[in-house]
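One structure is given below, encoded as structure tokens.
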Amino acid sequence: MKEPRVTGLRSIEYNVPDLSKTSRFYEQCWGLKKISEIGSKHFFRASGSEHHIVVIHQGEKANVKTINFAAPDKKMVNALHNKLKGLGIKIDADPAVIEKPGGGYGFGFTDRDGIHYGISSDVSTHSDASMESDRPFKLSHVVLNSTKVEDQTKFFRDILGFRVSDRTERMNFIRCSSDHHSVAFAHSEGPSLNHAAFELPNFDALMCGSGRMKQKGFPVQWGVGRHGPGNNVFGYFFEPNGMVVEYTAEVEQVDDNTYKTGTPEEWAQRVKGPDRWGFADPPSPLLRQCMGGNPQAPNLENF
Ligand SMILES: [Fe+2]
């Protein structure tokens with residue numbers, strides 16, 4: 001068998017203090033569709049085939065609950081579980097049939113930063129996947145803050161089979177598919193969620209989605225711009241609990257055989273600042289605070 005590895009990012013699960021506002025936000029503003037509601041858990045899909053890409057849970061504090069990755073089959077799920085267990089990593093749930101919307105077969109574990117993950121195969125997909133002119137079609141990437149970025153990168157590379165795409169002074173970008181990054185670790189106080197990004201079909205769709213967000217009372221907080229590593233177009237927003245969500249498009253596709261991992265020194269030479277266009281103003285202190293893992297709910301009296 002090939003070296004065990006995950007092959008994609010499926011979904012992110014959040015704890016949110018305001019379940020009903022958050023649910024309304026994802027449906028009416030962010031462009032997802034609610035496909036299931038079980039007690040205080042709401043499941044949302046994008047326009048792509050993945051069964052669901054966001055789950056919100058009622059919780060006291062706004063934070064990330066679980067990040068879910070895909071494996072190609074049960075054998076690979078079991079192989080990854082055995083590898084993690086053998087290394088003494090905390091297993092949250094042993095491999096089993098998943099009794100949740102979408103089903104499948106998977107297990108859960110906690111990394112050394114205390115972040116929870118699921119790895120699953122055989123999850124149901126939607127047969128009506130489409131690319132819409134103003135809606136996300138998938139979860140693109142998740143950025144986590146850590147004081148141990150190199151340790152986390154090594155863990156994801158050596159144990160979960162990720163490749164390192166680029167290192168900058170601020171972040172390490174790692175991939176588990178042809179997308180330039182599905183996860184990044186930011187050098188920061190942590191562990192916490194920095195932001196999650198959702199991919200739209202193209203630049204025009206990103207602008208249409210951003211326009212809808214503005215009209216609904218959620219103006220862009222950073223962007224629109226184009227990042228250096230990943231070459232992706234970006235626009236960052238607050239969700240109702242103050243966590244940061246990103247619309248992204250045109251994410252660079254990477255060939256494992258030819259891509260050369262960039263160093264902080266190279267990126268400092270190649271691109272000045274986080275926006276290649278020089279159009280986006282720097283993030284505000286409030287946005288930085290929320291990306292630093294201390295979300296502050298925006299004032300949404302009329303929402
Ligand atoms: Fe991002």
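For ligands, and for the atoms within them, numbers begin at 1 and follow the listed sequence.
Ionic pairing of Asp151 and Arg112 is not present here: no N-O contact between side-chain nitrogen and carboxylate oxygen is shorter than 4.0 angstrom. One finds no salt bridge joining Asp111 and Lys148 here, because no Lys/Arg side-chain nitrogen approaches an Asp/Glu carboxylate oxygen to under 4.0 Å. Between Arg167 and Glu150 a salt bridge is recorded (basic side-chain N to carboxylate O distance below 4.0 Å).
Near the Fe ion (ligand 1), less than 2.8 Å away, sit the protein N, O or S atoms His141 NE2, His195 NE2, Glu246 OE1.
Ring orientation note: the planes of Tyr26 and Tyr14 are close to parallel, at an angle under 30° on the 30°/60° scale.
For the 3.5 Å distance criterion, the side chains of His141 and Ser182 fail to qualify, holding no donor opposite an acceptor.
The hydrophobic cluster containing Val271 also includes Val254, Tyr259, Trp267, under a criterion of side-chain heavy atoms closer than 4.5 Å among ILVMFWY residues, counted directly or through chains of members.
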